[in-house]
Amino acid sequence: MLLPEKILWYLLPSLGVCLSLHNLLLLSMRALQGHHVVYYEWSFRCSQFLVWAIIILFWRHSQRSLLVCNQVLCFWWIARLLLTTAYFFSVFSSLKVLYLFEESVSLLVDVVFGVFLNVVRVMQTSTKRRNYGLEDPLLDCEEDLEELHHTDLNPIAINYWRMLTFKSVNPVMACGSRKQLNVDDLIQLPIELNPSSSYSALLSCWVVEQSKNSSPPSLFGAIYYAYRWPYFCLGLLKVFNDCIGFAGPLLLNKLIWFLQKGSGNLDGYILALALGLSSVIKSFLDTQYTFRLSKLKLKLRASIMSIIYRKCLFVSLAERSIFSEGEIQTFMSIDAERTVNMCNSLHDVWSLPLQIGVALYLLYTQVKFAFLSGITITILLIPVNRWLAILIARATQEMMKQKDERIQRSGELLTYIRTLKMYGWELLFAGRLRDTRVMEVKFLSTRKYLDAWCVFFWATTPTLFSLFTFGLFTLTGNTLNAATVFTCLALFNTLISPLNSFPWVINGLVDAIVSTRRLSNFLSCSEITSEPVQIAEPSSLPITVCLAEPAQHMAVVMRNVSSVWSSSKEEQSSVLHNITLDLPKGFLITVIGEVGSGKSSLLNSVLGEMRLIQGSMHSHGSIAYVPQVSWIMSGTIRDNILFGKNYDAKRYTEVLEACALDVDVALMAGGDLSYVGEKGVTLSGGQKVRVALARAVYHGANIFLLDDVLSAVDAQVACWILHKAIQGPLMNQQTRILCTHNPQAIYLANMIVIMDKGHVKWTGLLAEFVASPYSTIPSLKESLVSTSQLLEQESNNSSSGESIHPESDYLGRSEEAQVTETETRKEGTVDLSVYKNYAKFCSWPITVVVCLSAVLMQASRNGNDLWLSFWVDTTAETHKTKYSTSFYLVILCIFCVINSFLTLARAFSFAFGGLRAAVQVHNRLLNKLISAPVQFFDQTPTGRILNRLSSDLYTIDDSLPFILNILLANFIGLVGLLIILSYVQVIFLILLLPFWYVYSNLQFYYRSTSRELRRLDSVARSPIYASFTETLDGSSTIRAFGAKEHFLARFIEHIALYQQTSYSEVMASLWLSLRLQLLAAFVIFFIAVMAVIGSRGGFPINFSSPGLVGLALSYAAPFVSLLSSYLASFTETEKEMVSVERVLQYMDVPQEDLQGRISVHPNWPFQGQIDFQHVTLRYMPSLPAALNDITFTIAGGTQVGIIGRTGAGKSSVLNALFRLSPICGGSIFVDKVNVVDVPIRDLRSQFAVVPQSPFLFQGSLRDNLDPYQMIDDSMIWETLEKCHVKDEVEAAGGLMIHIKEGGISFSVGQRQLLCLARALLRSSKLLCLDECTANVDTQTASILQNAICGHCEWMTVITIAHRISTVMNMDNILILDQGVLVEQGNPRALLQDGSSIFSSFAKASTL
């Protein structure tokens, strides 16, 4: 550094600090000697000393670049030069030479240092740009200098300044104004907001809370221990912020007194400057409090959502059974948000009374005890509001119950939409959903109207307060003056925000308490542990999975085990009774038995999903589980098989071959990286089972639990899987427990267990089983021959280059690997049509009434204030009122009554309009969804649709009307304020145009980014709910594989993205808020200065009377909050409108062609003849044909079977017949009526069907069998007996028993039998059976086939089957291969033909 530069950096600041310190000492001596010292002298000298001290401090710590690089500081030195020069001229009025010399030196130091600082800045900027040349001319000077002097910068200081001004969001704002934002454009998430650390902190506190045995664990207590210190510090910041808020009214009071006296000194300017500075300080405090509170809320939200998800991973199905799936989804979507919002309410619940108390004290200083009249009104309203809060809490609790049920029914509707459309029941279920919605809206309307009363009472309180306060003050003989009135008005305005907010705070707190209790109840459920279980008496302890070894050679040991499917909070008769089993290691153990005998429950007991009430159970080693209904997660095939494990190419290839998946994968466009969609929608039933089996084989556990994995594939594939996978080298050394009805599997087993009604009826080795009376398989010789022939055939096929592997499904061969559509989001502004649609939902007349009442309400309030200013001016001019005090009070009272009436009208009309919109949106959305084609639901994840029906609909129900109400009040209030200011101070109009230009540009710049951030936020939220819904379905599989941590980590990744979008959104909002508040502070300063200048006669224009000037100043004080609140509410409204926009997207989904050209007779079809003529079906234009030009005729009253390998197109025949997917060529006739001409719902309602996936909905069993209540009980019991399920229904409690969600009260086989009974009760001429006997034992399947043949002689029966025995007695069979009809004829005739395809299937089936 050069010598001149050192002199300037060292000497000038040192000289400056010495001179300012000397002046401070002289000033102190004058004060001590009793001389009067004007306070602005203190302010001037102290600020002078402080500036030089800071410069020296920064220089000593090598931070000079902060002084050079900061544009604000450089500008300040120029401004300081001008201000000091003006002060210097006033000094010349003194004749003290020493004093003049000292001030001259001080001015010279300021000038030299200011010029030096800016010269250094310009020179360094120029040098930097010369070095860059033209390579990067757009680099900001500040960034250049920061890079140039990076060694001098203190990162903490820079980060703090960026945090204080929210400059870190600048790149996002700039990017958002130019293009659509992506995730990469967002602000990086701070380490402190990492969801993993937040989750760990809350979880550890929750564990501590649970360990307290004195009382039930409370989530609130855990939150308190996790975040109490940061929250306490925020409370201190809020106290300071609230106190600064009262500086405005106090300074206003002094300024009005100054204006009334008309003094000519500089006090007025000092007060005006102080008024502006207090607004600036409060702006920074407000934004910093909101920022830090928002960060705390983000941490809390991430931790709560994560522990809810974790609980679903760790709690057993039995313990979870007391909560419906819809209720658990509500925990995640709504209760978590409400609990997080408690952060606001807890501070507001003490802060608002504090603000009210301070305001009342300041009122006392102005009007003495007259303010007690206003206090009386406030106190009288406290019990009223408390009573309203209690009623609101009750309504909220009931509303949440109905919301849980609605979301559960919505999930049920969406999950089984394909089956419901085949039944023609979508309108029935939509009606049930609407009934639930009606009850929800009933309690929602109770809450909204009670909220309207709260708004009325609290909004009219300030008006009543002013009326009674000023009335009593004048009636006691006091005279009103401008300072008193408008200071009181400013304090009344200060009261408005806490008074209006208080009911919402109470409601939010009540909602949070209700949600916290609900979450605590769920999180308190017992979890699956890893400790031994040995229970002699009934207990509530959960069963365990991995326990201590009871014996070295046993894999599973059960002693006197009785278990139930209910939680510890419910009582239920046991499902498994006194089970005692020893299952050796390395054995293939087959568990057989009739439908409902307890086979699946036995596996679930080993997994720990059932509650053990008696006995003990031990298992040794890791477990892999394949459920009866395969669980496939969204993602690629490889993701589903690896399931979080590392990729081993050799083992992976072996697993694919063993599970007969290699050919399927090879034929898919994306190979094993093909996306399989939600619930494996792109895979056939057989492919799903094989993927789930491959997952288990790849993991290589000690114990394999396989629940009926062979029933969903054809005979050849079943034999391949049995020999290559289950008995192959990848599994044959492990223990395999297989529930099955497959004869080959029973033959190959080392040990056989027979279940009957929850008991182990028999157990033993294969030789003992064949000799026992329970044997139901063919002789060993026949089985041996059939199996040997099949294996020989497989070997020959392989050597000749052919394969018995199944053909891939049509969706599996998609040209596009991505079948599930990526969620779209709009760009740019929210269209005006969205607002119009919402207004239409509310109804236009209600919209007009709301707007008109709001305008008139504001006009009455402004009229009230103008009348007060007129009263004050009249008194001030004549020192006595022109009219009697009673006259002024009566007019004031009239304004008060009108304002109260209009407030009530606005509140109730808004509540009515919001409720009407909520009803209309839900009904229209539901109508559109149930009329959408099945393909829409196949391509759209259920979680994404549920997001619309839960979070978005909740926004439209609750948040949107609330924020719209605030927006309208802010807008009308802002317009009224601007009109008053323009009327009082004409010169304000000069500022209005440039101010509006800056304001509008600022908010448009912000809004473009804000919209994108909200849309990104909504899109980031959908994977959370989709993943959560998916995990609920497959939680038992995840637990069995020990993949809980993997899925939890994946969920936390989704949360991290959600955190990042929300954090960027908060930063952008506060960036705008700070700048708007600083802009508004300038307006306040401008109005105050103009008022001072006007009072001194500095302008030729008369600035009205003191009363009007006081009114203008009192209106300028809340201008800061009102302006910021308006834009914040406007932006928030636009964000909330995104929910309406998203819902409207789903109101434009494709619709089925519901109309038909003809109407059919109620008893149609009469014969049941079906004709397919050259039918071609494609699910997507880019996909191969699922049915390729097939033609066949099914005569009326005949029974036809459709067989083929997995993915051959069997189910597509039913899809075409039921018009689930439109055919792209050919025609289908039923009784010579083209199905295209029949209204689609009439068509489906005339057919009976038993779907591949059995469907029972939540409700009574009778409603499940006869939802329209058209059949008497005797016929239902008769049909149940024919379907061999009557005994089970009687044992469960009869027709009125309550079926749990998904029908988990019954086994899968029992559910299929109940679905068959439902179809038979329909008495249709056409019955379609899609693998209805796949999950029942062979003997029961044979009995059912006989029952169908006997009961359905007059019906046309189409059966899709994998078991050859199912179709052997039918009149005709159709064999499909890759969508082509390759063979048809009588099954017995085809069986005699050794060259027929059917004959090869029969050989593989080992009848």
Side-chain angles (χ1 to χ4, degrees), residues 325-326 329 332-333 406-422 426 429-430 433 631-636 640 674-683 688 809-812 814 816-826 921-922 924-953 1015-1034 1054 1138-1152 1178-1183 1215 1220-1222 1253 1255:
E325 189 168 323
Q329 287 169 343
M332 181 69 78
S333 61
R406 177 179 63 80
I407 293 176
Q408 179 267 322
R409 289 187 172 183
S410 299
E412 195 172 55
L413 173 67
L414 296 173
T415 302
Y416 299 104
I417 187 66
R418 177 183 290 272
T419 303
L420 292 176
K421 283 184 176 291
M422 295 182 80
E426 62 265 45
F429 271 68
L433 191 54
W631 179 71
I632 305 297
M633 64 179 184
S634 300
T636 64
N640 272 278
S674 298
Y675 191 83
V676 296
E678 189 180 35
K679 297 184 179 178
V681 68
T682 64
L683 304 177
K688 292 178 187 177
D809 195 17
Y810 46 86
L811 286 178
S814 169
E816 300 291 333
Q818 181 81 17
V819 176
T820 300
E821 295 181 354
T822 303
E823 186 168 10
T824 58
R825 57 188 177 99
K826 297 273 189 176
V921 168
H922 178 269
R924 186 174 170 188
L925 176 62
L926 183 60
N927 290 335
K928 292 292 184 179
L929 285 175
I930 63 173
S931 299
V934 170
Q935 185 181 9
F936 166 74
F937 298 97
D938 289 343
Q939 295 178 349
T940 309
T942 302
R944 194 179 296 173
I945 305 175
L946 269 180
N947 198 1
R948 264 72 172 182
L949 290 169
S950 57
S951 294
D952 289 322
L953 202 60
R1015 287 165 178 154
L1016 267 177
D1017 191 70
S1018 298
V1019 171
R1021 191 171 59 227
S1022 290
I1024 293 174
Y1025 296 119
S1027 175
F1028 185 61
T1029 304
E1030 189 175 68
T1031 302
L1032 284 178
D1033 293 335
H1054 294 320
V1138 171
S1139 292
V1140 180
E1141 182 184 67
R1142 284 160 55 81
V1143 168
L1144 288 172
Q1145 284 178 0
Y1146 277 23
M1147 291 184 184
D1148 293 331
V1149 296
Q1151 299 288 285
E1152 290 183 312
R1178 295 177 189 272
Y1179 289 95
M1180 291 177 67
S1182 60
L1183 299 179
N1215 289 344
L1220 292 178
S1221 300
S1253 299
F1255 163 57

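The model shown is predicted, which means the values in this text are computed figures rather than measured ones.
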Asks: side-chain contact (heavy atoms from CB on, under 4.5 Å) with Gln1151: which residues, sequence neighbours excluded?
Replies: Lys928, Ser931, Ala932, Val1149
Asks: Can you name the nearest heavy-atom pair linking Gly411 to Leu946, along with the distance?
Replies: N-CD2, 4.0 Å
Asks: Mind checking what makes salt bridge (charged side-chain N to carboxylate O under 4.0 Å, His left out) contact with Glu1152, not counting sequence neighbours?
Replies: Lys421, Arg1244
Asks: Kindly compute the distance separating CE (Met332) from CD1 (Ile407), expressed to the nearest 0.5 Å.
Replies: 12.5 Å
Asks: Measuring only between side-chain heavy atoms, which start at C-beta, is Thr415 closer than 4.5 Å to Phe1255?
Replies: no
Asks: Say you draw a straight line from CG of Asp1033 to CZ of Phe1028; how long is it, rounded to the nearest 0.5 Å?
Replies: 10.5 Å
Asks: Distance check, rounded to the nearest 0.5 Å: Asn640 atom CG versus Ile632 atom CD1?
Replies: 5.0 Å
Asks: Considering only heavy atoms from C-beta outward, does the side chain of Leu414 approach that of Leu949 to under 4.5 Å?
Replies: yes
Asks: Output all residues satisfying side-chain contact (heavy atoms from CB on, under 4.5 Å) with Arg1178, sequence neighbours left out; order by chain, then residue number.
Replies: Ala1185, Cys1224
Asks: Not counting sequence neighbours, which residues clear side-chain contact (heavy atoms from CB on, under 4.5 Å) with Ser333? List them please.
Replies: Ser950, Ser951, Tyr1025
Asks: Does any part of the side chain of Val676, heavy atoms only, come nearer than 4.5 Å to the side chain of Ser634, both counted from C-beta?
Replies: no
Asks: For the pair Arg1142 and Asn947, evaluate side-chain contact (heavy atoms from CB on, under 4.5 Å) and give the outcome as yes or no after the intermediate values.
Replies: CA-CA 10 Å; Arg1142 284 160 55 81; Asn947 198 1; 3.1 Å; yes
Asks: What is the distance from atom CG of Leu929 to atom CG of Leu413, rounded to the nearest 0.5 Å?
Replies: 8.0 Å
Asks: I want to check something: taking the side chain as every heavy atom from C-beta on, are Leu433 and Glu412 in contact at a cut-off of under 4.5 Å?
Replies: no
Asks: Any side-chain heavy atom of Ile417 within less than 4.5 Å of one from Phe429?
Replies: no
Asks: Considering non-hydrogen atoms only, spot the tightest contact between Ile930 and Ala430 and give its length.
Replies: CD1-CB, 3.7 Å
Asks: Does the ring pair (Phe, Tyr, Trp, His ring centres under 6.0 Å) test come out yes or no for Phe936 and Tyr1146, once each step is laid out?
Replies: CA-CA 10 Å; Phe936 166 74; Tyr1146 277 23; 5.6 Å; yes
Asks: So how far is it from Glu1141 CD to Asp952 CG, rounded to the nearest 0.5 Å?
Replies: 10.5 Å
Asks: Check the pair Arg924, Val1143 against side-chain contact (heavy atoms from CB on, under 4.5 Å), reporting the backbone distance first and the verdict last.
Replies: CA-CA 10 Å; Arg924 186 174 170 188; Val1143 168; over 6 Å; no
Asks: Side chains of Ser1221 and Gln935 only: does a donor on one sit below 3.5 Å from an acceptor on the other?
Replies: no
Asks: Check the pair Arg948 / Leu953 against side-chain contact (heavy atoms from CB on, under 4.5 Å), numbers first and verdict last.
Replies: CA-CA 6 Å; Arg948 264 72 172 182; Leu953 202 60; over 6 Å; no
Asks: Mind checking the CD-CH2 spacing from Glu1030 to Trp631? Nearest 0.5 Å is all I need.
Replies: 5.5 Å
Asks: Once side-chain contact (heavy atoms from CB on, under 4.5 Å) is applied, do any residues pair with Ser1027, and if so which ones, sequence neighbours excluded?
Replies: Tyr309, Thr1031, Arg1050, Phe1051, His1054
Asks: If you apply the rule side-chain contact (heavy atoms from CB on, under 4.5 Å), what do you find for Met1147 with Leu1144, and how did you get there?
Replies: CA-CA 5 Å; Met1147 291 184 184; Leu1144 288 172; 3.7 Å; yes
Asks: For Arg418, check salt bridge (charged side-chain N to carboxylate O under 4.0 Å, His left out) against everything at least two apart and list the hits.
Replies: Asp938
Asks: Looking at Met422 and Leu1220, what are the two nearest heavy atoms and their distance?
Replies: CG-CD1, 3.5 Å
Asks: Do Gln329 and Gln408 have side-chain heavy atoms sitting under 4.5 Å apart?
Replies: no
Asks: Within the structure provided, determine whether Thr636 and Ser674 are in side-chain contact (heavy-atom separation under 4.5 Å).
Replies: no
Asks: Could you tell me if the side chain of Val1140 sits less than 4.5 Å from the side chain of Val921, heavy atoms only?
Replies: no
